[in-house]
> 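Can you read through this structure? Questions will come right after.
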Amino acid sequence: MTTTRNQVLADIRAATARGERPGHQTHSFATDLQAEAALSPSALVHMFAERVSEYKAWVGYSTSAGLSEAIGERLALYGTRYVVPADFPADLVQQLPCVRDEQLSHADIASADGVVSLSALGIAQTGSIVLDAGVGQGRRVLTLLPDYHLCVVYAASIVLTVPEAFERLRASIQERRAPLTFISGPSATSDIELNRVEGVHGPRRLEVIIVDAPGR
Amino acid sequence: MTIALFITCFNDTLFPNTGKAVVTILERLGHQVAFPEEQTCCGQMHFNTGYQSEALPLIKRFVRVFSEYECIVSPSASCVGMVRDMYQYAAEVAKDKGLAAEVKALAPRVYELSELLVNKLGLVDVGAYYPHRVTYHPTCHSIRGIRVGDAPEQLLRAVRGIDYVPLPAAEECCGFGGTFAIKNADTSMAMLSDKMRNITGTRAEVCVAADNSCLMHIGGALHRQRTGVKIAHLAEVLASGEQA
Amino acid sequence: MKPDSVIIELSPEFSVGAKQALQNTQLRRNMGKATQTIRAKRATVVGELPNWESLRDAGERIKAETMAHLDVYIERLEKNIQAAGGTVHWASTAAQANEIVTKLIQATKSKHIIKVKSLTTDEIRLNEALEAAGITPIETDLAELIIQLAHEKSSHILVPAIHKNRSEIRELFQKAMHLPDLTDEPKELAAAARTFLREKFMTVKVATSGANFAIAETGSVCVVESEGNGRMCLTLPDVLITVMGIEKILPRWEDLGVFMQLLPRSSTGERMNPYTSIWTGVHPGDGPQEFHIVLLDNGRTQVLGDSVGRQTLHCIRCSACINICPVYERTGGHAYGSVYPGPIGAILTPQLVGTEHAASLPYASSLCGACYDVCPVKINIPEVLVHLRGRVVREKHSHVSGWLDPESIGMSGLGQVFGNRMAYEGAQTMGKLAQWLFVHDGYIENGPGPLGAWTAMRDLQAIPDQTFRQWWRERNEHDDHA
Ligand code: SF4
């Protein structure tokens, strides 16, 4: 195996030695891009909400104080047994029909009526939510197997652009080596005549509650 | 100003009227036209088909014949593209530093007709009169190769008496592509039939373009199918005068 | 090192495959509709970003710099993946890669694997190698499943079943899944696939995937997808094996931020694809606890060594060039005889397997340049096509017989003619004389020899009596006399 490794590396070196070699970069060209003009906090949240719902996800609003109730309302619609991450905030789950993920089997998770999680951040320009296994987000399988995902996004965690999101996520990777999942609407396919159809293997229903949106 | 005309082998032989039209326009605008008779072919067909070593003498010839002129015009976007985009590459492949330097100096002085008129001479109205219903096909090499933008449309819209109808899906290739039309004749024809449908749909009397090569391909099918739609090079439209 | 010739499905000439495809009107309708849809979607979301052109520039520069220092970045990636608990393997050829993957699966004793759609594993024909070793690969991407059930080959890198319409898909599913009442409603078709595959996801313990990107700086690997089958394969099994071409590396974390803007908008025409997974080695208590990555060369270093061809390796497999291509739109993907169809296939395939094995592909283009305009990393596809045509002709001329084909004779004859003014003017006269037999009303309707391919479908305008230069001379003589 080491010999193949050396072979490939030698082939790369031979190939790159031939061409002219532009100077080795120490900074990313990504940072040369002009930043986009900032939006007001309420416009930012508005764009996020609008673009999430364009993916056919339901979007609602709540205050921190009313969050438990807001979640409860949604959960009452679809079933009676939900799962939440092991470290999901206790005050939120007390009143809710939720089981904590304490070593649940895949089958247990899959048979739940849905999952409730927090999130790392939201991206307004693309209507995306990012999970980074931080507090209240759980292991990846938890937000994957149930057919319904209710995701809580704090307004303060919403950024405008993809590069801003990557800047914030650097710490999750470097300090915690966290796995990341970007979610933009419910699972979908465009494989049949290139039309987007919601709902294949991931949660077929995605709902988002935006918490403490300014001006609401 | 003296403007050297690169007619291209194709127009010289098959479309002499296009060359005459360029002369008419430029002289009407008060310029001197020079026609260096040693010119033949820019080498595009050879080069684009892969015959690079056969193309090289033709490239050198072009550079030799035209390097003394300050301003060169050609009524062919694709040949201008060859000179401006591929000559440098050809010189590099041939490892000919001298040629590369000459090309670098010459290429920016070579203009396609609409570029010369609109961008270099700053003209949109060249005093033409053409009372016909016309549609315009922007050839690939004019819009995506040398990027003339909407210069040809600007010129057409300024022609008196013209009834200009935009072409649907105008920017789609007509399927000519040089030897592609022969090597992949069926695919070429499938592309051409869609182009034809769009042209006849405009009910234009004349289909105009900045490349006679594509026009020959389009015109050949318009003629075969007895559509009655004629083809004309942009230069011919711009050259036609009042009550001509 | 010579790559295993695994890419070509021993295809006939492109024009032969194209002709067959063109005769299939259902295919042409499906393809026309699909490509028009996706083009419009792409144009809308690309138009939404005011800095799209600077993003493309950034994409191009990041890739160019990566290629120039690939040795540095690949070793950095290896080190960081190992530090995060992953195992790194190297393969010069497809055969080596297949052997590595087969052995890793055999060690788990599993007889099945679940697969995330991956062009790289198609390129090395991993499925065939696994089947030969008694392992059953299960494609989990909807389109891959469709063509696996139809026993067909992919015709598009992103939407492999783009050539199939909904009623064709329904028929396949009705048979394979024993669902006689299934309708052709896309939602129902997707639901059928969901049920069919769910059981596999829950039970199979080994998965394979490709990778869209890998970040040298952090050792992270990224997979971009829509359906959630990727997330299933990347999180449920015990063992994950990723096969990745060495060109997929990005140097730094923030570089990925550029490509996550370029890729979804260029490929599916969405602001963002539904799911993107990024993992870094093994995450304790979350997902597979054994992670292997196979870094594959298979001809890529040869491409890297060619100063013009190198840009081909910048490709992020978005398929924008395929969707915009007027040739692909008419012929579909199968005519290209490769897992890589369309403009990118026309330049990548001949470089990976050698132009001698795919000599007609660089000619499968009218050089219209639409691909270059949409490419998110600004690969100058027409330039590379012309470059490869040069290589095809040089190879042909390396044998004496190569000089004797009609095209070579014609080209070198014309080269002589254009090289000399007298010969050129003589030929103009000759042409005029020679054509009289065929001309009818200023047009040739039935041309001889190679002209036949032209006049089979369109008329050829005849050479007029007077060339431009004759007119010019005549006019000047008049002027002189006047
Ligand atoms: S060549 Fe460019 S446009 Fe084509 S698939 Fe690759 S990245 Fe996309």
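A, B, ... follow the sequence lines: proteins, then strands. Residue 1 opens every chain.
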> Within the side chain of C:Tyr275, is there an N or O that forms a donor-acceptor pair under 3.5 Å with the backbone of A:Ser187?
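Present.
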> List the atom of C:Arg198, the atom of A:Ala110, and the distance in Å for their closest heavy-atom pair.
NH1-CB, 4.1 Å
> What orientation do C:Phe201 and A:His201 show, parallel under 30°, tilted 30 to 60°, or perpendicular over 60°?
perpendicular
> What's the shortest heavy-atom distance between C:Lys187 and A:Glu198, and which atoms?
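So the two residues come closest at NZ-O, 3.9 Å.
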> Please report the shortest heavy-atom distance between A:Val197 and C:Pro186, naming the atom on each side.
CG2-CB, 3.4 Å
> Please give me the minimum heavy-atom distance between A:Ala15 and C:Arg310, naming the atom from each residue.
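Closest pair (atom of A:Ala15, atom of C:Arg310, distance): O-NH2, 3.5 Å.
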> Under a 4.5 Å heavy-atom cut-off, does chain A meet the side chain of C:Leu236, its backbone, both or neither?
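Both backbone and side chain.
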> Work out which heavy atom in A:Arg140 is nearest to a heavy atom in C:Leu234; give both atom names and the distance.
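Smallest heavy-atom distance, with atoms named: NH1-O, 4.2 Å.
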> Within a strict 4.5 Å, meaning less than it, do heavy atoms of the A:Gln125 and C:Leu49 side chains meet?
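Side chain of A:Gln125 against side chain of C:Leu49, heavy atoms only: contact under 4.5 Å found.
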> Contact part of C:Thr140 toward chain A, heavy-atom cut-off under 4.5 Å: side chain, backbone, both or neither?
backbone
> Between C:Glu227 and A:Thr189, which heavy-atom pair has the shortest distance, and what is it?
OE2-OG1, 2.8 Å
> Are C:Glu75 and A:Arg13 within salt-bridge range, i.e. N to O under 4.0 Å?
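A salt bridge is present here (some side-chain N lies under 4.0 Å from a carboxylate O).
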> Quick check on A:His106: does its NE2 atom have over 12 non-hydrogen neighbours (other residues, nucleotides or ligands) under 6.0 Å away?
yes
> Could you tell me whether C:Arg194 and A:Asp147 have a side-chain N and a carboxylate O separated by less than 4.0 Å?
yes
